[in-house]
Amino acid sequence: MPAIVLVGAQWGDEGKGKATDLLGSRIDYVVKFNGGNNAGHTVVVGGEKYALHLLPSGILTPGVTPVIANGVVVDLGVLFEELDALEARGVDTSKLVVSSNAHLIPRYNKVIDQVSERFLGQRKIGTTGRGIGPTYADKMNRIGIRVQDIFDESILRQKVEAALELKNQLLVKTYNRRAIEVDEVVEDLLQYAERLRPMVADTSLLLSKALDADEVVLCEAGQATLLDVDHGTYPYVTSSNAISAGACTGAGIPPTRIDRVIAILKAFTTRVGEGPFPTELHDEVGDTLREIGHEFGTTTGRPRRVGWLDVVIGRYAARVNGVTDFVVTKLDNLDTFDEIPVCVAYEVDGKRFDEMPENQTDFHHAKPVYEMLPGWNADITGCRTFEELPENAQRYIEFVEQQIGARVSVIGVGPGRDEVIVRHDLLND
Ligand code: GDP
Ligand code: IMO
Ligand code: MG
């Protein structure tokens, strides 16, 4: 069985967690391959709500082996807090496997993330303040601390010392903060070593063997296409590769083993943090949509910025991820609108763009070109087949398919595990 990659098509919070959970019982491994506890996935199972940050959503399904792969940045304190909270609710987390090559988020990087955002003022990114960016920067700069380092205290100490030599200069001289002691960082990391040890493995090898044995491996992206550091709305992005190709480097799975890419597309658009957003609504319609969709961040509680669906972004996501199937989520949140605008192109200084403008300034100036679709003014949460949807809701989905040029295989009509319409089986069809 080939590997499957599941990605977000927009700026995150599309409902990736729910989609992973939906596939849960049919997969053997769920792999988180990028990001860290900047992610926030809300999954509703049997009326119970779970908020996951660092752990892959598949951890809620008995029998699935959750994997934190090499491309992830791990805050060990958060890891064990999340594991304890799930265990306390009766979820078996004993199968979790963590890559020995994953990078750790030492406490100084949380401090640097937060103070550098304050320092940037107007130019801030609006990060989650979890130390994600500085930790990926350290990885590229070859001064990162990895999972395997905490099993050798003298190596750990050397690495922390080397990193702090630079970090303390920055903290003290630029940000006017106190220096961080080597001992406090080393002790903070070492306290988790014995609990972590049995979970650690060569996850690339593990997954390769699983694929050889015909097991189903689902790689679940954190964040989303437009937050990808290479293909997103740079610099208003996260610091990892959140597109499908990120699964190759982030989990050590070669491209030749991936043949299905599922993209999650919310029926409208949201964004947390700063950066351009052509269809953003600043009026009471936006407030209504935010309230209906409960669009407040799972990680930081910030109100999410909201706007209409943008199929230029959908087209782009289809292209850069090689999407085979789209899952459109939260269609039910559009139940009460008489007319639903969908952005099909942009206008920038009088010029029409049908594709994402490559130039950052153009995207900042992009004005949406809308097509108006009729609403359906009906409650669709009880629909379980495409034919049961009101005609205008069917038309909305067909319009998306035609505009994006890819099929919509699943439609979300509510937050619960069962509140979906499956048109094509995501694994076999
Ligand atoms: P993720 O980060 O992509 O996993 O998404 P989040 O969990 O941050 O945000 C998605 C939210 O939408 C969660 O609260 C889900 O429970 C909810 N959700 C997912 N699919 C649907 C759907 O089809 N309808 C409704 N009403 N809510 C949904
Ligand atoms: P999930 O997986 C939405 C955003 C932050 C900020 C930018 C950089 O739940 O979809 P970072 O802390 O990563 O350096 O912040 O990225 N961001 C997300 N927005 N959903 C997420 O994850 C996000 N993870 C990061 O708000 O704008
Ligand atoms: Mg989220």
Side-chain angles (χ1 to χ4, degrees), residues 6-22 32 34-45 47-54 56-57 72-73 75 105 109-110 112-114 116-117 124-137 220-229 232-240 242 263-277 289 292-305 327-335 379-381 383 410-421:
L6 188 148
V7 297
Q10 295 146 317
W11 277 290
D13 305 323
E14 297 90 352
K16 297 176 290 292
K18 182 192 154 179
T20 298
D21 181 64
L22 177 72
K32 179 173 169 101
N34 75 307
N37 58 313
N38 47 349
H41 309 302
T42 301
V43 182
V44 183
V45 185
E48 287 234 16
K49 203 165 160 180
Y50 295 86
L52 300 165
H53 298 284
L54 179 54
S57 317
V72 175
V73 289
D75 182 325
I105 304 180
N109 280 344
K110 271 184 276 183
I112 288 173
D113 191 358
Q114 290 160 13
S116 65
E117 280 280 281
K124 73 173 194 268
I125 304 295
T127 73
T128 58
R130 303 294 195 261
I132 307 294
T135 302
Y136 278 113
E220 183 202 67
Q223 294 77 52
T225 305
L226 291 187
L227 289 172
D228 181 281
V229 68
T233 47
Y234 190 89
Y236 299 100
V237 293
T238 191
S239 301
S240 66
I264 317 303
L265 180 82
K266 201 183 288 198
F268 50 99
T269 313
T270 63
R271 172 161 210 179
V272 197
E274 307 302 313
F277 180 175
L289 197 49
I292 293 175
H294 307 291
E295 295 293 353
F296 297 88
T298 313
T299 299
T300 55
R302 288 179 285 182
R304 291 176 183 151
R305 298 159 63 193
V327 174
V328 170
T329 58
K330 305 192 89 168
L331 188 64
D332 52 301
N333 289 161
L334 300 180
D335 280 355
D379 178 358
I380 61 166
T381 52
C383 299
V410 174
I411 301 160
V413 293
R417 197 181 253 179
D418 309 324
E419 290 172 309
V420 285
I421 294 172

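No experiment lies behind these values; they were computed from the predicted model shown. Just so you know, ligand 1 is whichever comes first in the structure, and atom 1 is the first atom listed for that ligand.
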Part of [X] with heavy atoms under 4.0 Å of ligand 2, whether side chain, backbone, both or neither:
X	result
Lys16	side chain
Tyr236	neither
Asn38	both
Val237	backbone
Lys124	neither
His41	side chain

Evaluating non-hydrogen atoms only, which member of [options] is closest to [atom]?
atom	options	value
atom 23 (O) of ligand 1	Lys330, Glu14, Gln223	Lys330
atom 2 (O) of ligand 2	Lys32, Glu117, Gln223	Gln223
atom 6 (C) of ligand 2	Gly232, Gly126, Gly17, Gly273	Gly126
atom 2 (O) of ligand 1	Pro415, Gly17, Gly293, Gly40	Gly40
atom 9 (O) of ligand 1	Asp13, Leu6, Thr381, Val44	Asp13

Where do Asn34 and Glu220 come nearest, in terms of heavy atoms and distance?
->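 Looking at all heavy atoms of both residues, the shortest contact is OD1-O, 4.4 Å.
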Geometric N/O contact [X] with ligand 2, under 3.5 angstrom:
X	value
Gly40	yes
Val272	yes
Glu274	no
Thr127	no

Does even one non-hydrogen atom of [X] get within less than 4.0 Å of ligand 2?
X	value
Gly222	yes
Arg130	no
Arg302	yes

For [atom], grab the closest protein heavy atom and report residue, atom and distance to one decimal in Å.
atom	result
atom 20 (N) of ligand 2	Asp13 OD1, 3.2 Å
atom 4 (O) of ligand 1	His41 ND1, 2.7 Å
atom 13 (O) of ligand 2	Thr238 OG1, 2.6 Å
atom 24 (N) of ligand 1	Asp332 OD1, 2.8 Å
atom 16 (O) of ligand 2	Leu227 CD2, 3.7 Å
atom 12 (O) of ligand 2	Thr128 OG1, 2.6 Å
atom 16 (O) of ligand 1	Thr42 O, 3.6 Å

Would you say the side-chain atoms of [X] and [Y] include a donor-acceptor pair closer than 3.5 Å?
X	Y	answer
Asp13	Thr270	no
Asn109	Thr135	yes
Thr128	Arg130	no

Which segment of Asn333 sits under 4.0 Å of ligand 1 when only heavy atoms are counted |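 It is the side chain that touches ligand 1; the backbone stays farther off.
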Part of Lys18 within contact of ligand 1 (heavy atoms, under 4.0 Å) =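 The answer is the side chain.
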Side chain proximity check, Ile264 to Lys18, heavy atoms < 4.5 angstrom =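 With C-beta onward as the side chain, the pair stays apart.
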Ligand 1 contact by [X], heavy-atom criterion under 4.0 angstrom:
X	result
Ala39	no
Arg304	yes
Gly414	yes

Which of these, Lys266, Arg271, Arg302, Arg305, sits in a salt bridge (charged side-chain N to carboxylate O under 4.0 Å, His left out) with Glu295?
->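 Among Lys266, Arg271, Arg302, Arg305, the one meeting salt bridge (charged side-chain N to carboxylate O under 4.0 Å, His left out) with Glu295 is Lys266.
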Identify, by atom number and element, the atoms of ligand 1 in contact range of Gly412, meaning under 4.0 Å from any of its heavy atoms.
->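 With Gly412 as reference, the close atoms of ligand 1 come out as 23 (O).
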Using 2.8 Å as a strict upper limit, say whether an N, O or S atom of Gly12 approaches the Mg ion (ligand 3) that closely.
->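 Given the 2.8 Å cut-off, Gly12 does not count as a ligand of the Mg ion (ligand 3).
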Does Asp13 put an N, O or S atom under 2.8 Å from the Mg ion (ligand 3)?
->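 An N, O or S atom of Asp13 is closer than 2.8 Å to the Mg ion (ligand 3), so yes.
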Are the side chain of Lys124 and the backbone of Gly273 linked by a donor-acceptor contact shorter than 3.5 Å?
->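 Flag not set: sc Lys124 to bb Gly273 has no pair under 3.5 Å.
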